[in-house]
There are 2 protein chains.
Amino acid sequence: MVTRRSLIEALRREGMRITAPREAICAVLAEPDLGHVSVAELQQRAEQVLGRGIDLSTVYRTVDALQEAGIVHHVHLGHGASVIHLSEEEHHHLVCDLCGRTVDLPLEELGPLAELLERHGYEPGTVHFAIVSRCLSHRDDPGSAAD
Amino acid sequence: MVTRRSLIEALRREGMRITAPREAICAVLAEPDLGHVSVAELQQRAEQVLGRGIDLSTVYRTVDALQEAGIVHHVHLGHGASVIHLSEEEHHHLVCDLCGRTVDLPLEELGPLAELLERHGYEPGTVHFAIVSRCLSHRDDPGSAAD
DNA sequence: CTCGATGCAAAGGTTTTGCACCAGG
DNA sequence: CCTGGTGCAAAACCTTTGCATCGAG
C-alpha cells in the first residue's frame with residue numbers, strides 16, 4: 001500500500017527536497033482509486049490539494065524525480081499525452097487504436113508473455129506496457145487512426 | 001509481396017489521385033528491407049527518390065490516405081514520433097523503455113496473446129502493437145525513462 | 001474544367017529548457 | 001548559507017490545419 005507519506009519518504013531517501021507542490025503531487029498519487037493520470041490531470045488534482053497553482057513544468061520535473069526514484073512510471077498509450085501510474089500497480093493496458101478505449105490487464109493474464117519477453121532478453125513484469133489493438137466496436141473499421 | 005505498383009493501384013482503387021510525391025512515397029514503402037520508418041525518415045527517403053522536396057504535411061496526408069486504404073499503419077513506439085509500416089508486415093515490437101532498442105516479434109510468437117485480446121473483446125492479429133519493457137542492458141536500472 | 005493534392009505558414013498539443021528568484025535542509 | 005526547486009516564458013518537437021495555387025482525371 002502506497003501512502004502519501006511513503007512517497008515522500010522515498011523522495012527524501014533520494015536526497016530530494018520536500019516542497020509543498022511535491023507533497024500535493026504525492027498526495028494525489030497516493031489516492032487509493034487512482035488508476036493512471038496524464039500530467040495535466042495530475043497538475044489539476046494537485047492544485048486542488050494544494051489550494052494554489054502549480055506550474056506544469058514543476059509537475060513534469062516532479063514526475064521525473066519520482067521516476068528516478070522508481071516510484072512511478074509513465075507510458076504512452078497510443079495517441080496523445082502519456083500517463084503516469086505507480087510502479088507498484090502492476091497492471092498493463094489494452095488500448096483501442098481507434099477510440100482510445102482502455103482495458104486494464106492484471107499481471108496474471110500475461111503469463112505467456114513473460115516467457116516471451118524473457119526469451120528476447122527483455123524484462124517481464126517490472127514495466128508497464130500498452131498493447132494497442134482494436135476494441136469490439138471498431139474491429140472491422142478501415143485503417144484510419146484516431147490521432 | 002508489396003510493390004510500388006500495387007500500392008499505387010490501391011490508392012487509385014480508393015479514388016485517390018496519383019501524384020509524383022505519392023509515387024515517391026509508395027516507392028519508399030515498397031522497398032523490400034523497409035522495417036518501419038518515422039514520417040520524417042519517410043519524407044527524406046521519398047525526397048531522394050523524387051529528386052526534390054516534399055512537404056512534411058504532404059507526407060502526413062499521404063500516410064493518412066494509405067491508412068484509410070488499410071495499406072499502412074502507424075504505431076507510437078513509446079517515446080517520440082510514431083513509425084509507419086506496411087499493414088501486410090504482420091509483426092510486433094518489443095521496445096526498451098530506456099534506450100529505445102527494438103526487437104521485432106513475428107506473429108507466431110504471440111499466439112497466447114491473441115487469445116487474451118479475444119477474451120477482452122479486442123481484435124488480435126490485425127493491428128500492429130508495441131510492448132514496452134526493458135532490454136537486457138537496462139533491466140535493473142532505476143525508473144528514469146528516455147524521453 | 002473541377003475537385004483533390006500540394007506547399008507554405010501558422011497553430012495546436014505535449015514536453016523540455018533557461019533563468020532569475022525563492023526556500024528547504 | 002547553499003543548492004536545488006519553482007514559476008514564468010520561450011523553445012523544441014510532432015502533428016494538424018487553413019488557404020491559395022497547381023495539376024490529375
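Proteins come first, then strands; the chains are lettered A, B, ... in the order of their sequence lines, and each starts at number 1. The shown structure was predicted, so the numbers you read here are calculated from the model rather than taken from an experiment.
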Residue pairs meeting salt bridge (Lys or Arg N to Asp or Glu O under 4.0 Å), one or both in residues 47-57 of chain A, sequence neighbours left out, come to none

A:Glu41 meets the side-chain contact (heavy atoms from CB on, under 4.5 Å) criterion, sequence neighbours left out, with A:Val37, A:Ser38

Sequence neighbours excluded, the answer for side-chain contact (heavy atoms from CB on, under 4.5 Å) partners of B:Val2 is B:Ser6, B:Leu7, B:Leu86, B:Glu88

Review point. Would one find a side-chain N or O of B:Arg22 under 4.0 angstrom from OP1 or OP2 of C:dA5?
Key: yes

> How far apart are the C-alpha atoms of B:Glu31 and B:Arg45, what are their side-chain angles, what is the distance that settles it, and do they pass the salt bridge (charged side-chain N to carboxylate O under 4.0 Å, His left out) test?
Replying inline: CA-CA 11 Å; B:Glu31 285 173 10; B:Arg45 295 218 208 181; 2.7 Å; yes

**Request:** Could you tell me whether a side-chain N or O of B:Gln43 sits under 3.5 Å from a main-chain N or O of B:Val59, the two making a donor and an acceptor?
**Result:** no

**Message:** Checking the side chain of A:Gln67 only, and the main-chain atoms of A:His74 only, is there a donor and an acceptor separated by less than 3.5 Å?
**Reply:** yes

Within residues 43-60 of chain B, the residues having a heavy atom closer than 4.0 Å to DNA chain C are B:Arg52, B:Gly53, B:Ile54, B:Asp55, B:Ser57, B:Thr58

Whole-Å distance, B:His76 NE2 to C:dG13 P, equals 16 Å

In whole angstroms, the gap separating C1' of C:dA23 from CD of A:Glu23 amounts to 13 Å

To the nearest angstrom, the CD1-P distance between A:Ile25 and D:dG5 comes to 12 Å

query = Hey, does the side chain of A:Arg61 come within less than 4.0 Å of C:dT17's phosphate (OP1/OP2), counting only N and O?
reply = no

Per the under-4.0 Å heavy-atom filter, residues of residues 13-21 of chain B near DNA chain C come out as B:Met16, B:Arg17, B:Thr19, B:Pro21

In short, salt bridge (Lys or Arg N to Asp or Glu O under 4.0 Å) pairs touching residues 9-21 of chain B with sequence neighbours left out are B:Glu9-B:Arg12

Worksheet entry | Trace of the side-chain contact (heavy atoms from CB on, under 4.5 Å) decision for A:Leu42 with A:Leu29 | CA-CA 8 Å; A:Leu42 183 51; A:Leu29 290 174; 4.1 Å; yes

When rounded to whole Å, the CG to P distance for the pair A:Asp64 and C:dT15 reads 11 Å

